[in-house]
Trainee: 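This is the structure I want to talk about, given as structure tokens.
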Amino acid sequence: MTHAPDATIAAQTSRARWALVSLFALLGLMMSSWLSRLPSIRAGLGLTEGLLGLVLVVGSVGSLLVVAAAGPLVERFGSARILHVSTVGFGTALTLLALGVQLGSVPLVAAGIFLNGATWALNNVPFNLESAAIERAVGRTILPQFHAFFSVGALAGTGVGAACSALGVPAAAQLGASVLVVVAWRVLALPPVVARASVPVAGRVGDKRAARTGLAAWREPRTLLLGVVVLAASMSEGSANDWLSIAVVDDLGGSEAVGAVVFGVFLGSMTAFRLAGAGLVDRWGRVAVLRGSALVSILGLTTFGLAPGIAVAAVGVALWGFGAALAYPLVIAAASDDPVRAAGRVSVVSAFASIASIAAPPLLGFVAEHLTTRAALMLVLVPLVAALLAAGRARPLVPEPAPAPLVPAPPSSPEDDDRRTPVPAPAGTHDPKEPLS
């Protein structure tokens, strides 16, 4: 009987899965809890809205500078080491933020935001790689659930920030406490993930060609088109985060509270569909769900942009959230189909998300200033249409068949001719059971 090793692997996978779920929730909690204190931070630093926007963009720049190198670094040193380095990075970044806010130092705050963005990108690649590996081990689609708990953490973090503000807790004190929570949480939760991440994968860790393998992903048409889908997903979700409540107030005449409620509809629908929509992928396939998601996002965003009132706009926002829910995690799964090349491919598609976070805010802000915020949001329809067209590239990769023997053994009788192993198709041949893109 060989059930004991299988049971051990299953238990190890289960521990790693739930530990990683909690770490995704921590990321959301960490992000939204300090972003919710931006009004206090802005006032303490004496910044205008324009200067605050410039300081925040520093984080996206840090992310973009690191994300391209994150894949090769993971391939060279392994996920476990990168995750430990990320813990130090997050702790240092939050410490710089706390000190900067306490001392009223804009350079310290900017340094903390830059390091936070860089560490986020470094941490993002092994997180997504290990969540994809756990999904493969479980044997069904669960990757969207990791991202759902990021959204749950983000909602909880908003509540933490609001509670601290209502109780008069200084932003610097909240950030200082965040350092202890983040470091302690990661120290306690990382061991099961690291233990599983340390299992050797041929050609992935310690390979001298790791950097070249990672950079080669930038020359792969499939990976670049997957990046287009991620860019659209990031612009869709990010633009809602930045501009949705403002559009409700400025263009639809709602109060700030109503704007917050409509934004909550977006977050709630996206989180719910990430938790409940994974079964659709197992039933209909990755490509069909991605195409459906793009269509629902287009319908929802168009409804919001043309809605005559808040009630219809809220329906559009709910559809928009449903469409935005699964695109990013499904592309991460597609980029991770080949475990040996997954790190480089995940870093490439993640770079498209960083590009969206830098390019979208000033572009949408410029259009909103000259037209309306809802008109600016309608620009997101362009990348969504591109994502709809590129979604076919997310089809699972077909494993290459084993090579044929160099010298086939001659048959010993005519009957053996019928039992000879057929010569495999050339490597890269399309699986006839899969429709062409």
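Sequential numbering from 1 along the given sequence is applied to the chain's residues. Below, each value reflects all heavy atoms present in this structure, side chains not excepted, and no hydrogens, waters or symmetry copies.
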Trainee: State, with a plain yes or no, whether a side-chain heavy atom of P192 is found less than 4.5 Å away from one of Q12.
Mentor: no
Trainee: Report the distance from atom CD1 of I310 to atom CZ of F304, rounding to the nearest 0.5 Å.
Mentor: 9.5 Å
Trainee: Taking side-chain hydrogen bond (donor to acceptor under 3.5 Å, both in side chains) as the cut-off, I'd like each qualifying pair that reaches into residues 309-322, sequence neighbours left out, listed once.
Mentor: S236-W320
Trainee: Without swapping roles, check the side chain of S269 against the backbone of F266 for a donor-acceptor pair under 3.5 Å.
Mentor: yes
Trainee: Side-chain contact test, heavy atoms from C-beta onward, threshold under 4.5 Å: evaluate it for F24 versus N128 and give yes or no.
Mentor: yes
Trainee: Could you go through M270 and F322, starting from their C-alpha distance and side-chain angles, then the distance that decides it, and tell me whether this counts as side-chain contact (heavy atoms from CB on, under 4.5 Å)?
Mentor: CA-CA 5 Å; M270 186 173 65; F322 287 140; over 6 Å; no
Trainee: Just how far is it from atom CG of L175 to atom CG of L94, taken to the nearest 0.5 Å?
Mentor: 6.5 Å
Trainee: Are the side chain of S14 and the backbone of A10 linked by a donor-acceptor contact shorter than 3.5 Å?
Mentor: no
Trainee: Would you please name every residue forming a side-chain contact (heavy atoms from CB on, under 4.5 Å) with A132, sequence neighbours left out?
Mentor: R136, L143, S336
Trainee: Please walk me through it: do N123 and R186 pass side-chain contact (heavy atoms from CB on, under 4.5 Å)?
Mentor: CA-CA 12 Å; N123 179 85; R186 287 180 66 94; 2.9 Å; yes
Trainee: State which residues pass side-chain contact (heavy atoms from CB on, under 4.5 Å) with A25; sequence neighbours excluded, sorted by chain then number.
Mentor: F149
Trainee: Distance from S178 atom OG to L29 atom CG, nearest 0.5 Å?
Mentor: 7.5 Å
Trainee: Do you know which two heavy atoms are closest between A356 and S234, and how far apart they sit?
Mentor: CB-CB, 3.9 Å
Trainee: Are any of the side-chain nitrogens in R395 or D337 under 4.0 Å away from the carboxylate oxygens of its partner?
Mentor: no
Trainee: List the residues meeting side chain to side chain donor-acceptor pair (under 3.5 Å) with R374, not counting sequence neighbours, and say none if there are none.
Mentor: none
Trainee: Kindly give the heavy-atom pair with the smallest separation between A353 and Y328, and that separation in Å.
Mentor: CB-CE1, 4.3 Å
Trainee: Can you sort out the partners of F352 under ring pair (Phe, Tyr, Trp, His ring centres under 6.0 Å), two or more places apart, ordered by chain and number?
Mentor: none
Trainee: With a 4.5 Å heavy-atom cut-off, do F127 and F146 have their side chains touching?
Mentor: no
Trainee: Should the pair R286-E135 be classified as a salt bridge under the 4.0 Å nitrogen-to-oxygen rule?
Mentor: no
Trainee: Should V74 and R81 count as side-chain neighbours, where that means a heavy-atom distance under 4.5 Å?
Mentor: no
Trainee: How long is the straight-line distance from CZ of F90 back to CG of L26, given to the nearest 0.5 Å?
Mentor: 8.0 Å
Trainee: Quick check against the 3.5 Å criterion: does R222 have a side-chain atom that pairs as donor or acceptor with the backbone of R393?
Mentor: yes
Trainee: Taking side chain as C-beta onward, heavy atoms only, is V194 less than 4.5 Å from H84?
Mentor: yes
Trainee: Can you list everything that forms a side-chain contact (heavy atoms from CB on, under 4.5 Å) with V66? Sequence neighbours excluded, please.
Mentor: A118, A121, L122
Trainee: About how many Å separate CD1 of I142 and CG of L275, when rounded to the nearest 0.5 Å?
Mentor: 12.5 Å
Trainee: Once rounded to the nearest 0.5 Å, what's the spacing between atom CG of L225 and atom CG of L389?
Mentor: 10.0 Å
Trainee: Mind listing the closest non-hydrogen atom pair of P126 and I82 along with its distance?
Mentor: CG-CG2, 3.9 Å
Trainee: How close do Q174 and S33 get, counting heavy atoms only, and between which atoms?
Mentor: NE2-O, 2.8 Å
Trainee: With a 4.5 Å limit on heavy-atom distance, are the side chains of V380 and L301 in contact?
Mentor: yes
Trainee: Is the shortest heavy-atom distance from the side chain of L64 to the side chain of S60 under 4.5 Å?
Mentor: no
Trainee: What are the two closest heavy atoms between L290 and A394, and how far apart are they?
Mentor: CD1-CB, 3.4 Å
Trainee: Are the side chain of R345 and the backbone N or O of T223 linked by a donor-acceptor pair below 3.5 Å?
Mentor: no
Trainee: Side chain of N116, backbone of A93: donor and acceptor closer than 3.5 Å?
Mentor: no
Trainee: Okay, side chain of T87, backbone of L83: is any donor-acceptor separation there less than 3.5 Å?
Mentor: yes
Trainee: Quick check: do T271 and V152 have side-chain heavy atoms less than 4.5 Å from each other?
Mentor: yes
Trainee: Can you see which heavy atom on G176 is nearest to which on A98, and at what distance?
Mentor: N-CB, 3.8 Å
Trainee: Within the 3.5 Å criterion, strictly below it, is a donor on S165 or R37 matched to an acceptor on the partner's side chain?
Mentor: no
Trainee: Have R17 and Q145 got a donor and an acceptor in their side chains that come within less than 3.5 Å?
Mentor: yes
Trainee: With side-chain contact (heavy atoms from CB on, under 4.5 Å) as the test, would you mind laying out the steps for L330 and V289 before giving the verdict?
Mentor: CA-CA 9 Å; L330 290 186; V289 172; 3.7 Å; yes
Trainee: Yes or no on side-chain contact (heavy atoms from CB on, under 4.5 Å) for T303 and L299, after CA distance, side-chain angles and deciding distance?
Mentor: CA-CA 6 Å; T303 301; L299 175 61; 4.0 Å; yes
